[in-house]
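Accompanying notes for the structure given below.
To find a chain, count down the sequence lines: A is the first, B the second, and so on, and within it residues start at 1.
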Amino acid sequence: MNAPTKIVTRFPPSPTGFLHIGSARTALFSWLYARHHGGTFLLRIEDTDRERSTQAAVDAIFEGMKWLGLDWDNKDVVFQFARRDLHAKVAYEMLEKGLAYKCYCTQAELEEMRNHQKANGLPMRYDGRWRDRTDHPKDLPFVVRLKAPQTGETTVKDRVRGEVTVQNSQLDDMVLLRSDNTPTYMLSVVVDDHDMGVNTIIRGDDHFTNTFRQVQIIKAMGWPMPEYAHVPLIHGSDGQKFSKRHGALGVDEYRKMGYLPEAMRNYLLRLGWSHGDDEFITTKQAIEWFNLEHIVSSPARFDYVKLDSVNAHYMREMADADLANEIAPRLQEITGNAVTDAQVAMLAKGMAGLKQRAKNLKELAESAVFYVLSRPLPLNDGAKKILTTDAKAMLAQLRTVIDGLNDFSAHSIETAIKDHATAQGKKMGDAAQPLRAALSGSNVSPPIFEVASILGKQEVLARINDVL
RNA sequence: GACCCCUUCGUCUAGAGGCCUAGGACAUUACCCUUUCACGGUAGUAACACGGGUUCGAAUCCCGUAGGGGUCGCCA
């Protein structure tokens, strides 16, 4: 009997820039898969590119993962560079066993070879010229290359792609160890995944062809074969590659734009995975439902409009007080003034009317700013247009009406103003719109009697006076 | 160029040979609600890339074509 294998997944970003949104999705999938199976989700920083790796990028990865709520199980995150000697050891072991060989080609020589191949329409791959040579020069730098099988075929079983077979003649002898004795990525990933006990590799489709090469190392070493699941890439909204130059952003940017982590998770999950017709999937449900079978096999386009709608949904589900606290720093940034506790309380009261009018935290803060702005309020063009002489005359009357109110509930204010407007032979809008302009400085706001009630009689009267 | 993968409404997707006159969501259009803007409600427009097979029957299986993507580094 086979003992049930504990699922071990991993997320191995390289710290050479921000945490890419596409990477965030494969991280999410890997995390979900591990959590679903009660397995382990590991984080490994692939910092072997010393030129491009930075501490800032490492921090960005940690922060991005935390923000997204993707917790990893290895308290000591693996840094790949620190394990380079272990990787090199494997290369030498393979050399000894005759599974690899030394290649003394210079960069220039390789370049010439590739140019020749390109010019003649030949497949571009290393031709194995040192594979069987024994006349090794002394004291010259060399790289260690895998002695890959040249005949037959290699089949990769992928949980998304199915079984894919490639002729071994298509694969060349890749470099395992560089001439400076450092391991290449191809070697490092395989060794690390093996040593970390990773048995399920969920990663971007851009790694798919690499898999055939990596499988050669695993086979040569006689290690257990992990399960692969290659997830199609995310494209930009125009269908083009989602690169830094082409609209791709780091997760931190999405936070700044005002998206909620739970909304990001839901959106990213649905972008490339489905559970029937379900659109809003909580993280709890996602863990319960996630599988590899329903990963979509074609690339998806990133769509802000849909993200907005998902985000709007989660914002409306959030507690008003939490939302008020969430936008406080943004308001402070807009107004330049600290937001007081009393103001946060006021914002919480106004949140019901505010949150159904915004798609993200940024919009929410912008639409809420009139609550905390100090008087006199700046008026936007719409408000200026509303505040005609007639409108001001109406406001002057409303001032008296409002001043006489004992019950300052939204309903009470509405009734009083409606009655007054009707008595004057005017429509509700003739009173409500000028009031909106005075209280919010805008022609667009939450229900204005609700706003008035939350603002309080004193502030309402003062704001009316400001525009008269 | 070689190899590999992908192709359902504008977008994300459901679809495992008859349940499909192809469903849902976002977007969009119209109407309703309404003090503004939204929210909400109702209705609508809108897709199986193309061509051949297989089958009584194909969005679903096979082949080809076209389009798109990925990989071909001493980057990861």
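Base engagement by A:Cys105 is indicated by at least one non-hydrogen atom pair under 4.0 Å involving a base atom. Using a 4.0 Å heavy-atom distance criterion, A:Val310 is classed as making no nucleic acid contact. Within the 4.0 angstrom heavy-atom criterion, base atoms lie near A:Met186. Counting any heavy atom pair closer than 4.0 Å across all strands shown, A:Ser367 reaches no nucleic acid atom.
Side-chain atoms of A:Ser453 do not come within 3.5 Å of backbone N or O of A:Glu450 as any donor-acceptor pair. The backbone N or O of A:Phe81 lies less than 3.5 Å from a partner atom in the side chain of A:Arg84, making a donor-acceptor pair.
As rounded to the nearest Å, B:rG64 and B:rA2 have P atoms that lie 15 Å from one another. Using C1' as the reference atom, B:rA76 and B:rU71 are 14 Å apart when rounded to the nearest Å. Taking atom P on both B:rU7 and B:rU21, the two are 23 Å apart, rounded to the nearest angstrom.
Comparing B:rC74, B:rC26, B:rA76 by their nearest atom to the side chain of A:Ser309 picks out B:rC26. You'll find that the side chain of A:Asp303 is closest to B:rU11, out of B:rG70, B:rU35, B:rU11. Nearest nucleotide to the A:Thr184 side chain, out of B:rG40, B:rC74, B:rC37: B:rC74. Side-chain proximity of A:Gln433 to B:rA76, B:rA16, B:rU36: nearest is B:rU36.
A donor-acceptor contact under 3.5 Å links the side chain of A:Ser179 to the base of B:rC74. Side-chain N/O atoms of A:Lys306 and base N/O atoms of B:rA25 include a donor-acceptor pair closer than 3.5 Å. Applying the 3.5 Å distance criterion, the base of B:rC72 shares no donor-acceptor pair with the side chain of A:Arg125.
A straight line from CG of A:Asn168 to C1' of B:rC72 spans 16 Å, rounded to a whole angstrom.
Across all strands shown, B:rG1 pairs with B:rC72; the Watson-Crick or G-U wobble distances both stay below 3.5 Å.
For RNA chain B, no neighbouring residue in residues 388-399 of chain A is found when judged by any heavy atom under 4.0 Å. The stretch residues 269-283 of chain A touches RNA chain B through A:Arg270, A:Leu271, A:Gly272, A:Ser274, A:Gly276, A:Asp277, A:Glu279, each having a heavy atom under 4.0 angstrom from the strand. Listed in residue order, the members of residues 151-161 of chain A having a heavy atom less than 4.0 Å from RNA chain B are A:Arg161.
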